[in-house]
Student: 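For reference, the structure I am asking about is given below.
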Amino acid sequence: MSTYYITTAIDYPNANPHLGHALEKIGADAFARYKRLKGFDVFLSTGVDENSLNVAKTAREAGKSPREFVDEMSPVFNGLWDSLNISYDEFIRTTEPRHVAASRQFFQAVYDNGDIYKGKYEGWYCLSCENYYPDPDLVDGNCPVHGRKPEWLSEDNYFFALSKYEDRLLEHFDENPDFVIPEFRKNEVLGLIRQGLKDFSVSRAGQDWGIPVPIDDSQVIYVWFDALINYATLAGYGYDDERLATWWPADVHVIGKDIWRFHAIYWPAMLMAAGLEIPRTIVVHGFVDFAGQKMSKSAGIGVAPADVIGTYGVDPLRYYLLREIPFHRDGSFTPEGLDARYHNELGNDLGNLLNRTVSMLRRYRDGTLPNPGPDTDAERELKVAANKAWESVDDGFGQWLFSEALSELWVFVRAANRYVDATRPYMLASDASQAERLDTILYNLAEAVRNAALLAAPAIPESSDKIYAQLGLSAIDGAAWLDQRAWGGLVPGSSTPGGKPIFPRIG
RNA sequence: GGCGGGGUAGCUCAGCGGUAGAGCAGGAGAUUCAUAAGCUCUUGGCCGUCGGUUCGAUUCCGACCCCCGCUACCA
């Protein structure tokens with residue numbers, strides 16, 4: 001079985017995760033589920049980036065030790081991913097011993113290769129912020145946050161010779177045109193590389209939080225340098241060569257538009273320097289805003305994922321984000337939009353389709369799937385619609401175009417609703433001479449619902465399983481897109497228990 | 001300043017050389033298996049502005065105007 005390694009960004013655990021974080025994990029999860037359904041052995045990763053000096057700072061402000069703080073925050077993240085049904089295989093914390101070891105080994109490898117050297121890092125440093133500011137960020141020569149005069153400080157740091165890799169990076173982009181998706185992001189990356197790359201500092205002096213530099217324990221590794229290495233750590237780098245051979249290079253890094261510089265430039269160069277292969281693809285997604293405004297906890301703008309789950313459920317949130325927001329671009333979360341898509345698309349179109357189907361099976365056939373007779377034009381049309389859906393939904397998920405995929409799927413869902421109206425099974429029930437015709441309609445209708453559920457499974461796995469259950473089938477798993485795709489997966493004579501509406505009206 | 005993205009129906013967007021499309025919202029109708037759901041029909045757009053190329057441009061080219069992102073620099 002082919003392996004497929006998908007990573008998501010590891011998040012800074014210095015505040016609670018919001019919808020933006022959720023968007024990325026949900027997209028990556030939908031893709032991971034899609035790949036599994038297509039028969040791949042998938043490894044999906046996520047985690048938290050705990051070595052940041054910001055984390056240490058936030059901890060101190062909360063009157064806690066960094067260690068205490070991250071131990072509290074970490075479960076908040078994987079807890080949310082669990083409640084969103086993110087099917088991650090591993091959740092990494094960058095304070096884990098295996099990652100500390102891997103980072104040090106990686107640093108050492110790059111150093112041994114001659115690409116890390118000692119240099120001077122200097123700039124305007126605000127003592128209140130504990131941060132360096134580049135000249136243009138200063139306001140009248142003062143710290144933009146505290147308004148106080150910063151001090152000119154310099155410290156010895158270790159630098160990574162990024163500038164050496166300019167040509168090799170350009171070459172890599174040239175040879176791998178799909179390295180960065182979507183294309184307009186690739187163009188941004190290339191633009192930046194062509195402007196010329198500068199070496200960057202990969203260590204910080206005088207800090208007590210972080211991973212010690214292997215060749216100099218007075219310094220810690222710069223947080224981005226160690227954070228990126230998490231992808232290799234998870235693949236076994238530094239402790240399990242067999243595992244590394246199986247999973248490295250990663251097939252795709254899923255990241256937000258704010259961090260492509262690190263993933264598309266720094267990271268490949270770091271890997272070249274460490275003698276590791278470069279991941280095959282980097283998929284860059286956009287951001288979610290709240291009704292046109294940036295989400296901001298302090299300003300009270302936005303909504304907590306847990307609240308949405310509490311009101312609507314997990315799958316409605318997953319569906320809404322995947323359907324509403326084009327993954328590669330920015331999009332907007334609005335309570336009205338969520339409510340509309342929930343009721344119109346999930347409830348009325350899909351949920352009601354299931355409900356009317358199992359209801360008629362119960363009323364007219366005692367909840368037992370009948371044997372279908374010969375097709376008429378109506379059945380042929382329905383199957384054409386199904387085939388079209390399979391093609392375009394498969395294609396859409398494969399290209400990270402979730403919104404398009406779901407949009408195409410709903411074309412089929414509507415076709416199935418139209419099938420009921422066109423064939424009018426409820427008018428046939430009282431006429432014994434029409435029994436075979438009714439059997440045919442009910443069977444094909446159920447089959448249409450089953451196909452829709454299977455197609456929707458990457459996006460709304462729990463709901464798809466519920467639909468399967470109402471049709472008397474066991475949960476969807478394994479390479480179901482390969483082995484259950486054919487029309488006729490339902491066995492005549494089996495019982496269709498039905499059940500409560502899966503997307504009940506709210507409010 | 002440079003690079004990139006966007007500007008199409010009230011809303012969210014698709015189309016990207018050949019008589020303007022979808023979903024939602026609004027209006028009307030025929031139905032009843034179903035979560036007052038589904039189905040059918042329908043109102044609604046000088047396709048950001050101004051020029052150009054073309055038999056023909058929302059679609060190509062040029063200039064410009066707004067919104068967003070990245071990046072550089074001046075001060």
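As a basis for the values below, the full set of heavy atoms in this structure was taken, side chains included, without hydrogen atoms, waters or symmetry mates. So that the names make sense, note that chain A is the first sequence line, chain B the second, and so on, each numbered from 1. Because the structure is predicted, anything quoted here is derived from the model rather than measured.
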Student: Among the candidates B:rA34, B:rA72, B:rU32, find the nucleotide nearest to the side-chain atoms of A:Asn355.
Tutor: B:rA34
Student: Could you tell me how the ring of A:His253 sits relative to the ring of A:Trp267: parallel (under 30°), tilted (30 to 60°) or perpendicular (over 60°)?
Tutor: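 Answer is tilted, since the angle falls between 30° and 60°.
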Student: Would you say the side chains of A:Ser433 and A:Asp431 form a donor-acceptor pair under 3.5 Å?
Tutor: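 Result is yes, a qualifying pair exists.
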Student: Got A:His172 and A:Ile278 here, is their nearest side-chain heavy-atom distance under 4.5 Å?
Tutor: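 Yes, their side chains come closer than 4.5 Å.
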Student: Is any side-chain N or O of A:Asn348 closer than 4.0 Å to OP1 or OP2 of B:rG38?
Tutor: yes
Student: Taking the minimum atom-to-atom distance to the side chain of A:Trp260, which one of B:rC24, B:rC70, B:rG69 wins?
Tutor: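 Nearest nucleotide to the side chain: B:rC70.
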Student: Test for a donor-acceptor pair under 3.5 Å between the base of B:rA34 and the side chain of A:Asn352, counting only N and O atoms.
Tutor: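 Yes.
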Student: Suppose you measure atom C1' in B:rC50 against the same atom in B:rU58; what distance do you get, rounded to whole Å?
Tutor: 16 Å
Student: Under 4.0 Å, counting only non-hydrogen atoms across every strand here, what does A:Pro504 touch: a base, just sugar-phosphate, or nothing?
Tutor: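 Base: the residue A:Pro504, judged by heavy atoms under 4.0 Å, touches a nucleobase.
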Student: What integer distance in Å separates A:Glu188:CD from B:rG2:C1'?
Tutor: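 Value for this atom pair: 13 Å.
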Student: How would you label the contact of A:Arg341 with the nucleic acid (heavy atoms, under 4.0 Å): base, sugar-phosphate, or nothing?
Tutor: nothing
Student: Under 4.0 Å between a side-chain N/O of A:Asn187 and OP1 or OP2 of B:rG4, yes or no?
Tutor: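 It does not, given that no N or O in the side chain of A:Asn187 lies less than 4.0 Å from OP1 or OP2 of B:rG4.
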Student: Tell me yes or no: between the side chains of A:Thr496 and A:Arg362, is some donor less than 3.5 Å from an acceptor?
Tutor: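 Checked: A:Thr496/A:Arg362 side chains show no N/O donor-acceptor pair below 3.5 Å.
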Student: Between B:rU31, B:rC33, B:rG69, which one does the side chain of A:Arg185 approach most closely?
Tutor: B:rG69
Student: Between the base of B:rG38 and the side chain of A:Asp421, is one N or O donor paired with an acceptor at under 3.5 angstrom?
Tutor: yes
Student: Is any side-chain nitrogen or oxygen of A:Arg505 closer than 4.0 Å to OP1 or OP2 of B:rA36?
Tutor: no
Student: Is there side-chain contact between A:Pro13 and A:Val55, with at least one heavy-atom pair below 4.5 Å?
Tutor: yes
Student: Hey, does A:Gly347 reach any base, or is it just sugar-phosphate, or nothing, if we go heavy atoms under 4.0 Å?
Tutor: base
Student: Choose from B:rG38, B:rG5, B:rC68 the nucleotide whose nearest atom is closest to any side-chain atom of A:Phe184.
Tutor: B:rG5
Student: Start at the 5' end of RNA chain B and walk down; is the nucleotide closest to A:Gln195 or to A:Glu404 reached first?
Tutor: A:Glu404
Student: Contact class for A:Arg194 vs. all strands (heavy atom < 4.0 Å): base, sugar-phosphate, or nothing?
Tutor: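 Nothing, no nucleic acid heavy atom in range.
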Student: Could you check A:Pro326 against A:Arg424 and say which one's nearest nucleotide on RNA chain B is further toward the 5' end?
Tutor: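 By nearest-heavy-atom nucleotide position, the 5'-most residue is A:Pro326.
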Student: Tell me: CG of A:Asp349 to P of B:rG23, nearest whole Å?
Tutor: 11 Å
Student: Looking only at side-chain atoms of A:Arg329, point me to the closest of B:rU32, B:rC68, B:rG6.
Tutor: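 Closest of the options to the side chain of A:Arg329: B:rG6.
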Student: May I have the distance from A:Arg418 (atom CZ) to B:rU31 (atom P), rounded to whole angstrom?
Tutor: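 Spelled out: CZ on A:Arg418 to P on B:rU31 is 20 Å.
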